[in-house]
Amino acid sequence: QVQLVESGGGLVQAGGSLTLSCTFSGRTFSPYSMGWFRQAPGKEREFVAAITRTGGVTTYAASVKGRFTISRDNAQNTVYLQMNSLKPEDTAVYYCALCSTWYFGSSREKYDYWGQGTQVTVSS
């Protein structure tokens, strides 16, 4: 059984920063990539960022590129999402996800395990 637990969400003013963390436990996979997704009220869950197992390759949605940074610490089984220059449109529930195959990318159907989500609210 794999568990992913996100933390670090909260309320922040526009232009501010937050760092989300996701710690995973249970089975380990090799290889596996990690991703962050978000879902705003009334909208579909959308891709935010992903990182390969070694952390050597990352990819971002166009809407967050240059503002968000994904990273991971495999020794701590933790993946991070540093969010800077936050905008009201970044308001959503943020989910981390694990992909247990060789796939690396933005397709949420390829991710096998999901956390429960953490709320990020950006006020204007």
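Both backbone and side-chain heavy atoms feed into the values below; hydrogens, waters and symmetry mates do not. From a predicted model like this one, the values you see are computed outputs, not experimental measurements. The chain is numbered in sequence order, starting from 1.
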Any side-chain heavy-atom pair from Y32 and C99 closer than 4.5 angstrom? no
Between E46 and R108 (salt bridge meaning N to carboxylate O under 4.0 Å), is one present in this structure? no
Using atom types as modelled and distance alone, determine if a side-chain donor or acceptor of Y60 lies under 3.5 Å from a backbone N or O of S63. no
Evaluate side chain to side chain contact (heavy atoms under 4.5 Å, CB included) for T69 paired with L81, printing each intermediate quantity in order. CA-CA 6 Å; T69 302; L81 186 68; over 6 Å; no
ring-ring contact (aromatic ring centres under 6.0 Å, His included) against F104, all qualifying residues, sequence neighbours excluded: none
Would you say L86 and F68 make side-chain contact, with heavy atoms under 4.5 Å? yes
May I ask you to check whether over 12 heavy atoms, not counting those of Q3, lie within 6.0 Å of atom CD? no
Using side chain to side chain donor-acceptor pair (under 3.5 Å), reason through Q13 and S123 one step at a time and then give a plain yes or no. CA-CA 5 Å; Q13 288 189 332; S123 63; 5.0 Å; no
Are S17 and N84 linked by a side-chain donor-acceptor pair shorter than 3.5 Å? yes
Should W36 and L98 be regarded as members of a common hydrophobic cluster, given that ILVMFWY residues are connected when their side-chain heavy atoms come within less than 4.5 Å of each other, either directly or indirectly? yes
Find out whether the Lys NZ or Arg CZ of R53 is both under 6.0 angstrom from the six-membered ring centre of W102 and within 45° of the ring's axis. no
Please tell me whether F47 and F37 form a close aromatic pair, meaning their ring centres lie under 6.0 Å apart. yes
Could R72 and Y80 be counted as a cation-pi pair, given that NZ or CZ must be under 6.0 Å from the ring centre and within 45° of the axis? no
